[in-house]
Amino acid sequence: MDTTLGLNEIEAVRATRDAREVGEVTPEVAGHIAFNADSEVIPTVRYHGITHAQVVPEGSLVNGQSSLMQLDGWNYQDSLVAAEVGVHVSWPRTYVVDTWWERRSPAEQREANAKALKRLKRVFADAKAYYDAKQADLNMLVDQRWEAMLGLFTAPKNFSFTPKISARLNRHWIDTGIRI
């Protein structure tokens, strides 16, 4: 279960909300670093029988990496079961919303959706280019964003999309070399 448990304490107080990082592409962000083992919510969740949580950062495109936390620890180091379990991506919307709160026209929404999908494809193309350059042993600077995504091309890193769309992945990502 993906959750922001331990990342958000009081929604009205910005200093207690650590679930969202600045920027739309932040694969280097790991959920366990900001995990607050002293959260007031954790004892209630534990009382109801939940012992572990997969803590996931929030974001607008590439959210970051989840971490598996056990909920009976003194700090994030004690609570950490598995760090950087997988990269989480918010898949761009593929439809037009017709509700009272959506102020954009259908044409504007389609354009925004297409731009977001193009940006996501560019992110994976850049990550793949970084991976290829590392494999070729080129002398280059380390980029933490793409370092965090290297596991997507070598196998061990999991890949999670929101909403769950795995049936469509092979068609869209076969060219990137990502192992799904």
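Computed over heavy atoms, backbone and side chain alike; hydrogens, waters and symmetry mates excluded.
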Residue list, side chain to side chain contact (heavy atoms under 4.5 Å, CB included) with [X], at least two apart or on another chain:
X	answer
Val81	His52, Leu68, Gln70
Ser66	Gln54, Val56, Val85, His88
Ser105	Ala107, Glu108
Leu80	His32, Ser67, Met69, Ala83

Among all residues two or more places apart in sequence or in another chain, which pass the salt bridge (charged side-chain N to carboxylate O under 4.0 Å, His left out) test with Glu102?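 Applying salt bridge (charged side-chain N to carboxylate O under 4.0 Å, His left out) to Glu102 gives Arg93, Arg104.
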Go through the structure and list residues passing salt bridge (charged side-chain N to carboxylate O under 4.0 Å, His left out) with Asp78, not counting sequence neighbours.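 None.
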Linking I/L/V/M/F/W/Y whenever their side-chain heavy atoms sit closer than 4.5 Å, directly or via other members, would [X] and [Y] fall into one cluster?
X	Y	answer
Trp74	Ile33	no
Trp146	Met140	yes
Leu150	Val142	yes

Considering all heavy atoms, the nearest Phe153-Phe124 contact: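 Smallest interatomic distance, heavy atoms only, reads CZ-O, 4.2 Å.
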Over all heavy atoms of both residues, which pair between Pro57 and Ala30 is shortest? Give the atoms and the distance, please.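 In this case the closest contact between Pro57 and Ala30 is CG-C, 4.5 Å.
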Could you list the residues that satisfy side-chain hydrogen bond (donor to acceptor under 3.5 Å, both in side chains) with Asn113, not counting sequence neighbours?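 side-chain hydrogen bond (donor to acceptor under 3.5 Å, both in side chains) check on Asn113 returns nothing, list empty.
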What residues form a side-chain hydrogen bond (donor to acceptor under 3.5 Å, both in side chains) with Glu111, not counting sequence neighbours?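 Only Lys115 meet the side-chain hydrogen bond (donor to acceptor under 3.5 Å, both in side chains) criterion with Glu111.
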Scan for salt bridge (Lys or Arg N to Asp or Glu O under 4.0 Å) pairs involving residues 130-143, sequence neighbours excluded, and state none if there are none.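 Only Lys128-Asp132, Lys134-Glu147, Asp143-Arg145 qualify under salt bridge (Lys or Arg N to Asp or Glu O under 4.0 Å).
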Please, which pairs that meet salt bridge (Lys or Arg N to Asp or Glu O under 4.0 Å) have at least one residue in residues 35-52, sequence neighbours excluded?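 Counting only pairs at least two positions apart or across chains, the salt bridge (Lys or Arg N to Asp or Glu O under 4.0 Å) contacts touching residues 35-52 are Arg46-Asp72.
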Is [Y] close to [X] at the side-chain level, that is, under 4.5 Å between some pair of heavy atoms?
X	Y	value
Ile50	Val45	yes
Val29	Thr26	yes
Glu58	Asn63	no
Asn36	Tyr76	no
Leu61	Ser90	no

Can you tell me how far the CD atom of Gln144 sits from the CD atom of Glu28, to the nearest 0.5 Å?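 If we round to the nearest 0.5 Å, Gln144:CD and Glu28:CD are 7.5 Å apart.
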Leu120 CG to Trp91 CH2 distance, which is reported to the nearest 0.5 Å: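 One gets 6.0 Å once the value is rounded to the nearest 0.5 Å.
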Go through the steps to decide whether Met149 and Tyr130 satisfy the test side chain to side chain contact (heavy atoms under 4.5 Å, CB included), and finish with yes or no. CA-CA 9 Å; Met149 294 180 73; Tyr130 184 84; over 6 Å; no
Show your reasoning for whether side chain to side chain contact (heavy atoms under 4.5 Å, CB included) applies to Thr51 and Leu71. CA-CA 5 Å; Thr51 61; Leu71 301 179; 6.0 Å; no
Can you list the other members of the hydrophobic cluster that holds Val97, where links are side-chain heavy atoms under 4.5 angstrom apart?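 Result for Val97 is Tyr95, Trp100, Trp101.
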Remaining members of hydrophobic cluster (4.5 Å side-chain criterion), Leu141: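 Grouped by the 4.5 Å side-chain rule, Leu141 forms a cluster of one, so the answer is none.
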Worked verdict on Phe35 versus Asn75 for side chain to side chain contact (heavy atoms under 4.5 Å, CB included): CA-CA 8 Å; Phe35 183 76; Asn75 52 42; over 6 Å; no
